[in-house]
Every structure is written in C-alpha cells, then in structure tokens.
There are 2 protein chains.
Amino acid sequence: MAAQPRTNSKKERRQENEKLILAAAEKVFSEAGFGGATMQLIADMAGLPKANLHYYFPTKESLYRQVVENIFQFWLQAADVFDDADDPAEGIGAYIDAKMEISRRHPSGSKVWATEVMHRAPVIQDYLETTLMEWTEGRAAIINRWIAEGRMDPVDPDHLLYMLWATTQHYADFSHQIETLNGGKPLDDAQWEAAKASIKRIILKGIGVTE
Amino acid sequence: MAAQPRTNSKKERRQENEKLILAAAEKVFSEAGFGGATMQLIADMAGLPKANLHYYFPTKESLYRQVVENIFQFWLQAADVFDDADDPAEGIGAYIDAKMEISRRHPSGSKVWATEVMHRAPVIQDYLETTLMEWTEGRAAIINRWIAEGRMDPVDPDHLLYMLWATTQHYADFSHQIETLNGGKPLDDAQWEAAKASIKRIILKGIGVTE
DNA sequence: ACGGTTCCTGACCGTATGGTCAAATTCACG
DNA sequence: CGTGAATTTGACCATACGGTCAGGAACCGT
C-alpha cells in the first residue's frame, strides 16, 4: 500500500517539486492573474499541501517572480535565432517561426508576461530596463545594418520589433478568442502553419525582403 | 460652506455617478486585474463611499461586466471605417488609424479586454461567439472580395485581421514596455505618427496594396 | 545506528475583501 | 407642504486568503 514509489533522492525531489510548483503556478497565474490566483489552487494543481509551497517559495510574490523570470529567460534564449543569421529573410523568418512555436507550446507563459507588463511590470521592471533594453538595441542595430546594406526597406526597427512581438504573441495571449472564432476548436497543425506563413509573407514582403 | 454645488437633478446625478464609477473601475481593473481590483479602491478613485458603489452595481462582477461591454461597443462602433471604404488601402489604412487612436486614447479599456480574453472570457464569451464572430466574418468577406477583384494579394483574411488587432492593440496593452524602451517617456505625437506610418506601410505593402 | 539537517503538513491566525443593512437624507410630485 | 420613493452611507458580517508554526517524518553523512 505504498503511496508513491518514492525512488528519488532528496535533491531530486526538491528539483522535481519546484518544477511541479512552478508549472502549476504558471498555469494558475495565467488563468486567474496574480490577484485571482490562490496558493491553495496552485497547491491543488501541483498535488501538494499549501504549506509545502511556502516551504519552497516563502511568499506568493516570490513564486510569481520566479515564474516570470523563467519565462523571460526562455524567450531570450529562443531569440538567438535572430543573431545566427545575417540575412533578413532568414533572421526575421526564423524569429517569427521560433516565437510562434513558443506561442503554441507555452501559451501560459506568454499570458503571464503580458499580464505582468500590462500591470506596469511591478516585479520585473528592472529586466525591462536592462536586459530587454539591451536586447532590443542590439537587434535594432542588426536591422539598421541590413537596411544600410540595402537588404530591406528603411523601416523603423523599434516598430518592426513591436510588430513581430505583437503578432506572434497574439496567438498565445488571445488563443481563446482565436479558438472561439475558429469554431471552438484550437488551431490544428495546418492552421498553425498557415498562420506562420501568413505572418512571414506579409511582414517580409512588407519590409521589402524577397526570399 | 456648501460641500458641492449640488446643481444636478436626481437623474443627472445617477448618470453622472455611474459614469464616474465606470471610469474609475476601468482604470482600476486595467491596472490590477479583476482579482487584484478592490471595490474600495474603485470607490476612492470615484470619490464615493464603497456602499454607494453597491447601490449602483450590486456586485463587483456586474460592474466589471458593464466595463467590458462598454469597451466592446466602443470598439465595434469605431470599426465602421472598415465598411465606409471600398478600397483596401483606404479601408485597412483607416482601420489601423482608428485602432491606433483608440490605443492611444483608451489604453485602459484595451487592457481590460485583453485580460478578459486571456482569462478565457468568463463574462463576455457570448459576445465572442455572436457579435465578434459575425463582425469578423463580415470583414473577412470584404477582404475576400478585394482579393477576388485583384486589389490585394491573396492572404488569409483571418490571419490578416489578427495581425491588425495584435499590432494596434499592442501599443495600448504593452504601453508600459514601449514606454520603458523609449527611455521612460510615453511616445510623443511624432512617435505615434511614426508608429501608424510604419504599421500601415509594412502591412499595406505586405498584402500587395500600393496606395 | 545515530545525530543533525532537511523536508513535510495539519491546524491555526490576522487581515482584507465583497457584500449587507438599517437609519438618515434628499428629492420628485401631487 | 407632505408623503413616499430614491439615494446615501457608516457600521457591520462572513468568508477566504496569505502566511505561520510546531511537531513529526524522512533522509544523509559518518
């Protein structure tokens, strides 16, 4: 009548539980917002007693902070495709693909990020001002170089980046609206491919890049 | 020592108070989310006692519902520019202008809507399924007609609409992020014009419309 | 095997919040 | 005016929530 296999060592269990809690928290925060989420709900979803959550994460805010930071790191890492290309069609195209893939696979994270920013970024304002600012400036420089080399139209890099973020993240943040307009069904494989193709086609053509 | 002019009739006061409460509620909901918002905060911002709010709006949810419905009606009305044109450049261009103007003037409403949809539209699901669905189908039909007439590239109308919504609403929903990346200052007049121009330029060119 | 550390958890607490209510005030209207 | 309806509001209540804590269980190194 052993409840669980209990095969894990203490350190393994710690990592495992933290991952479990963070995953549950991401989902609950994304569905209810910070204020609407309750530690009890997260605990239930993680299958742990509430008091145990407070052992790993002393406060609700510290748990939330960890969730948001993880999302940000994940995005940053996935954005490397932008640098691994020196061709606008390849760089921006791959970036769109990567961000769309994240929107599809990790919609909760995107929603948490969106909510956090909409609420004036109370816990990750420093990230916006440092890491994100630097990243944006670096990518703007790359775009400006492409423009100077005549490989694309002279568009404002900031507004182009906003358009890329907005369009791709929309498929995660507004997935419920899209699903409703799609007859209540989530986009299927073909529809996701069509979405990616549409976005790439319009934006790449729009900035004067011919593949 | 008269506290207030008190010049208003009873019906005027009712309308006035409701407007006051709804405006305060929109702001508080947009900044804190439904769960994070408190009736006390809304009451303070409206300059009324909390109990008075419950006289006009029996529950927090009914107040919230009214806020969201107002936003939706406002958007619908502003979207008429789409129909008043039979040229894609004019129709879509004017639609972008109109939605950007709303993003600039009513960012709170956009944020409330975004949060509501992200949380799976608990109170306005019926609107998504009826009014929004019909509106979307109607606009998709117009776009398809333009395509059939050879006035723009054959793009998927749904994904084009999503791109329009995403890009324009991004300037409201993520205004804080944009402001931070803009050195902590809100976009000024020229920057808003540049944003509109960038979006119109890229999208219109992207769908093969030459003005 | 044993001492110390880490981990787990049920029971509990203080507070904040949505909502109620009844008494008081203001107003519309005959 | 006078009377009833609408409005206003301070005081109050029940509940739900974040967080605490003490005692016990599990585990680790030696």
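Below, read A as the first sequence line, B as the second, and so on, with proteins coming before strands; counting in each chain starts at 1.
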**OP:** Give the rounded distance in Å between these two atoms: CD1 of B/Ile21 and C1' of D/dT8.
**Re:** 12 Å
**OP:** Quickly work out the A/Leu53 CG to D/dT20 P distance and round it to whole Å.
**Re:** 13 Å
Dump the pairs, protein N or O against N or O of nucleotides 1-5 of chain C, anything under 3.5 Å, distances to one decimal.
none

Subject >> Per A/Tyr55 side chain, nearest of listed nucleotides D/dG18, D/dT8, C/dT9 >> reply: C/dT9
**OP:** Could you state the atom-to-atom distance from CG of A/Asp44 to P of D/dA16 in whole Å?
**Re:** 14 Å
**OP:** Using a strict cut-off of less than 4.0 Å between a Lys/Arg side-chain nitrogen and an Asp/Glu carboxylate oxygen, indicate whether A/Glu101 and A/Lys196 qualify as a salt bridge.
**Re:** yes
Original post:
Parallel, tilted or perpendicular: which describes the rings of A/Trp165 and B/His170, with under 30° parallel and over 60° perpendicular?
Top reply: tilted
Subject >> Distance in angstrom units between A/Arg13 CZ and C/dC8 C1', rounded >> reply: 9 Å
**OP:** Could you point out which residue of B/Glu18, B/Glu12, B/Glu16 forms a salt bridge (Lys or Arg N to Asp or Glu O under 4.0 Å) with B/Arg14?
**Re:** B/Glu18
**OP:** Send over the distance from B/Leu48 CG to D/dG10 P, rounded to a whole Å.
**Re:** 11 Å
Original post:
Which nucleotide, C/dG19, C/dT9, D/dT8, lies nearest any side-chain atom of B/Lys50?
Top reply: C/dG19
**OP:** Would you indicate whether the side-chain heavy atoms of B/Val68 and B/Phe29 approach each other to under 4.5 Å?
**Re:** no
Original post:
Any salt bridge between A/Arg65 and A/Asp126, counting N to O under 4.0 Å?
Top reply: yes
**OP:** Take the protein atom CG of B/Asn52 and the nucleotide atom C1' of D/dT7, then report the distance between them rounded to whole Å.
**Re:** 7 Å
**OP:** List in numerical order all residues of residues 22-43 of chain A for which some heavy atom is under 4.0 Å away from an atom belonging to DNA chain D.
**Re:** A/Ala37, A/Thr38, A/Met39
Subject >> Within residues 58-68 of chain B: residues closer than 4.0 Å to DNA chain C (heavy atoms) >> reply: B/Thr59, B/Lys60
**OP:** Remember a base hit wins even if backbone is also touched, and classify A/Phe57 as base, sugar-phosphate or nothing at under 4.0 Å, heavy atoms.
**Re:** nothing
Original post:
Of B/Ala51 and B/Lys11, whose nearest nucleotide on DNA chain D comes first from the 5' end?
Top reply: B/Lys11
**OP:** Classify the ring geometry between B/Phe74 and B/His106 as parallel (under 30°), tilted (30 to 60°) or perpendicular (over 60°).
**Re:** perpendicular
Original post:
Is a side-chain N or O of A/Lys60 found less than 3.5 angstrom from the main chain of A/Ala37, in a donor-acceptor match?
Top reply: yes
**OP:** Provide, to the nearest angstrom, the distance between the NE2 atom belonging to A/His54 and the P atom belonging to C/dT6.
**Re:** 21 Å
Subject >> Shortest side-chain distance from A/Ser9, nucleotide among D/dC28, C/dC7, D/dT8 >> reply: D/dC28
Original post:
Is a side-chain N or O of B/Ser30 found less than 3.5 angstrom from the main chain of B/Lys27, in a donor-acceptor match?
Top reply: yes
**OP:** Go through the side-chain N and O atoms of B/Glu129 and B/Gln125 and say whether any donor and acceptor fall under 3.5 Å apart.
**Re:** yes
**OP:** Flag the pair A/Gln177 / B/Trp113 as yes when at least one side-chain heavy-atom distance between them is below 4.5 Å, and no otherwise.
**Re:** yes
Original post:
Do B/Asp83 and B/Arg139 sit within salt-bridge range, that is, some charged N less than 4.0 Å from a carboxylate O?
Top reply: yes
Subject >> Distance below 4.0 Å between A/Arg14 side-chain N/O and C/dC7 OP1 or OP2 >> reply: yes
Subject >> Gap between atoms CG and P, on A/Leu20 and C/dC8 respectively (whole Å) >> reply: 11 Å
Original post:
More than 12 heavy atoms of other residues, nucleotides or ligands under 6.0 Å from CD of A/Gln73: is that the case?
Top reply: yes
